[in-house]
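This is a predicted model, so every value here is computed, not measured.
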Amino acid sequence: MAALRRKFGEEYHVVTTTVGGGFFPSVKRKRQRFVDKNGRCNVQHGNLGGETSRYLSDLFTTLVDLKWRWNLLIFILTYTVAWLVMASMWWIIAYIRGDINRPHDDNYTPCVANVYNFPSAFLFFIETEATIGYGFRYITEKCPEGIILFLFQSLLGSIVDAFLIGCMFIKMSQPKKRAETLMFSHSAVISQRDGKLCLMFRVGNLRNSHMVSAQIRCKLIKSRQTPEGEFLPLDQRELDVGFGTGADQLFLVSPLTICHEINHRSPFFDLSQKSLRSEQFEIVVILEGIVETTGMTCQARTSYTEDEVLWGHRFLPVMSLEEGFFRVDYSQFHATFEVPTPYYSVKELEEKQAPNSPLNSLCSDKYNRERVCSLDYLNVFEVGSSLLPSKLQKLSRGSDNAQRKLLRMCTNSVERACSTGDLPLKIQRITVSTCEDSEESTPLKYFKVKPECMTQSTGNLQLQKKTQNMLTLGTMLDSNLPAKLRKMNSGFIS
């Protein structure tokens, strides 16, 4: 305990565990589990009606799925009945031919030598079926019906042996028992990892043989009601345990802690320490892999209810470095200790941090500023066109659409730069120069632009071209004027 405090600090408190090492609350609510801790599913199928015949259509799988006591009973009964039936057929042949009434007649050739009652017929069948061949009982050539029965017995015996022995072999070689050496922690924990709130549990492999291509999946079992009023009992939702990053592919040579990040895509997005006490859900964990020694697929399952999820806890480390190898201490496999953890949900945390986000405020301020800038441009164009003479206003109407399109392109580029996360372009308002000499100066001076006011970020190179087009806007309007007016106006355009 002293070493633990030196390693983790005095603020951490080790949770008391039971004899098995797991944490169990003192008061547990009694509820029905969907999947037991040992992986057995608590589901029974009833009222099948005429669908029970489907089990007989796949008789081999049905026998393999039966429990061992039923398999052994069927195995013994099948051989016993087959032996009795075939022995009875040999006895009937001897009875019809009269071999039973002449047991020790040396001048008579029976169908089967030394078969004169039912026990002798039963022994003959066992010797033939097991290919023992003591040489005392045998078929003679004077019995064609015995030869036909012998062929039928050989074929039927081969079929029964293949079916029952194959069924027993498949059942014995099933990798279900391999799952007994795969361990899951008794409880799951919720705490912070890398600054994010995570749901975690631990899995371990007790054998030295590896699980090839081990993969883990998690399902959330929780009843819910849709907005349309439909009730979905035991609705299943996927919990992301690293599917996108490949973290669900495990190299299970030592105990691993599986982590589910709680974010806006997680079903636990609005789960807090207080709401955990009133929730009802079950987390089903499925571990699949190929057994290295047999090459067969193995699946281990367990589940965690809301009572088995500990808020603000973390697993104790079980790995230690020895001389030349790493040692795993499975006595601390289920042990947890308390750590400082926010008691509110991730949703509440994001809502508290959203108004104080400097990135959001910066982007919104820049966006509003650029909208004001674009409106100023429109006002400049409208004011400038209204001051032109009537003939010049008709000539300049054709360029209004081009002006508005140019402003719209500039505004879209600013919004795109702000949305992509790059530093937005710092666009200063275009200064509008006023005429100090006389009121009769042409309004083309309203389009005088200071290019040094445009500062460009490293992520967007297209805005510079668009601002250069704005610089030539005055020249475009000048080109639409008659020749005499261009000469008169050349002195006013700078």
Side-chain angles (χ1 to χ4, degrees), residues 15 22-25 27-29 31-37 39 41 184-203 215-227 230-250 256-287 301-316 334 336-354 357:
V15 179
F23 172 84
F24 294 95
V27 179
K28 291 185 62 177
R29 292 175 293 176
R31 63 183 296 264
Q32 182 63 46
R33 305 178 72 102
F34 187 69
V35 177
D36 287 337
K37 297 295 288 185
C41 299
F184 296 94
S185 58
H186 290 165
S187 59
V189 298
I190 295 180
S191 60
Q192 286 187 328
R193 172 178 284 189
D194 297 330
K196 300 176 182 178
L197 198 65
C198 299
L199 170 71
M200 294 173 286
F201 58 92
R202 180 177 280 175
V203 59
Q215 184 179 11
I216 195 163
R217 295 182 293 117
C218 293
K219 293 285 187 179
L220 175 65
I221 310 297
K222 182 180 180 181
S223 301
R224 67 183 184 91
Q225 188 172 6
T226 63
E230 180 185 5
F231 179 73
L232 302 178
L234 302 177
D235 183 48
Q236 300 184 13
R237 297 185 62 182
E238 190 77 18
L239 293 181
D240 185 14
V241 288
F243 178 76
T245 60
D248 60 333
Q249 305 291 331
L250 307 181
L256 298 177
T257 301
I258 310 302
C259 178
H260 165 67
E261 180 184 345
I262 301 178
N263 49 28
H264 65 280
R265 293 184 299 269
S266 173
F268 300 126
F269 181 57
D270 54 353
L271 181 67
S272 62
Q273 185 179 11
K274 183 179 180 180
S275 62
L276 179 61
R277 303 172 184 173
S278 59
E279 288 284 343
Q280 283 193 356
F281 60 84
E282 187 171 349
I283 303 172
V284 178
V285 181
I286 304 172
L287 175 62
R301 297 182 296 268
T302 190
S303 67
Y304 301 99
T305 60
E306 68 279 356
D307 296 327
E308 297 169 344
V309 178
L310 309 179
W311 189 283
H313 286 250
R314 188 179 299 166
F315 289 105
L316 284 173
H334 305 285
T336 62
F337 61 94
E338 295 181 356
V339 292
T341 305
Y343 59 88
Y344 41 81
S345 64
V346 178
K347 181 179 179 181
E348 296 173 349
L349 177 63
E350 291 185 356
E351 290 177 354
K352 292 179 180 179
Q353 294 179 351
S357 177

How close do [X] and [Y] get, counting heavy atoms only, and between which atoms?
X      : Y      : result
Thr302 : Lys37  : OG1-O, 3.1 Å
Cys218 : Val285 : SG-CG2, 4.1 Å
Pro342 : Trp311 : O-NE1, 3.0 Å
Pro267 : Leu220 : CB-CD2, 3.4 Å
Arg301 : Ile286 : CG-CG1, 4.2 Å
Val241 : Ile216 : CG2-O, 3.8 Å

Original post:
Does Lys219 make a cation-pi contact with Phe34 (under 6.0 Å, within 45 degrees of the axis)?
Top reply: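 The answer is no; the distance or angle limit is not met.
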Quick one: pull up [atom1] in [X] and [atom2] in [Y] and give me the separation to the nearest 0.5 Å.
X      : Y      : atom1 : atom2 : answer
Ile221 : Asp235 : CD1   : CG    : 8.0 Å
Phe315 : Ser191 : CZ    : OG    : 9.0 Å
Met200 : Leu197 : CE    : CG    : 8.5 Å
Tyr343 : Ser272 : OH    : OG    : 10.0 Å
Leu271 : Leu199 : CG    : CG    : 9.0 Å
Asp270 : Glu279 : CG    : CD    : 7.5 Å

Does [X] reach the main-chain N or O of [Y] with its side chain, forming a donor-acceptor pair under 3.5 Å?
X      : Y      : value
Tyr304 : Ser185 : yes
Arg202 : Leu316 : yes
Arg33  : Ser303 : yes
Glu308 : Thr305 : yes

Original post:
Is Ile258 close to Leu250 at the side-chain level, that is, under 4.5 Å between some pair of heavy atoms?
Top reply: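 Counting from C-beta outward, Leu250 and Ile258 do come under 4.5 Å.
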**OP:** Evaluate the ring planes of Phe281 and Phe268, with Trp represented by its six-membered ring, and classify them as parallel (under 30°), tilted (30 to 60°) or perpendicular (over 60°).
**Re:**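 Rings of Phe281 and Phe268: tilted, 30 to 60°.
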Original post:
Should the ring pair His334 and His186 be called parallel, tilted or perpendicular, given that the plane angle runs from 0 to 90° and is split at 30 and 60?
Top reply: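 Plane angle under 30°, so parallel.
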Subject >> Carboxylate-amine/guanidinium contact Lys222 Glu282, below 4.0 Å >> reply: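 Judged by the 4.0 Å cut-off on N to carboxylate O distance, Lys222 and Glu282 do not form a salt bridge.
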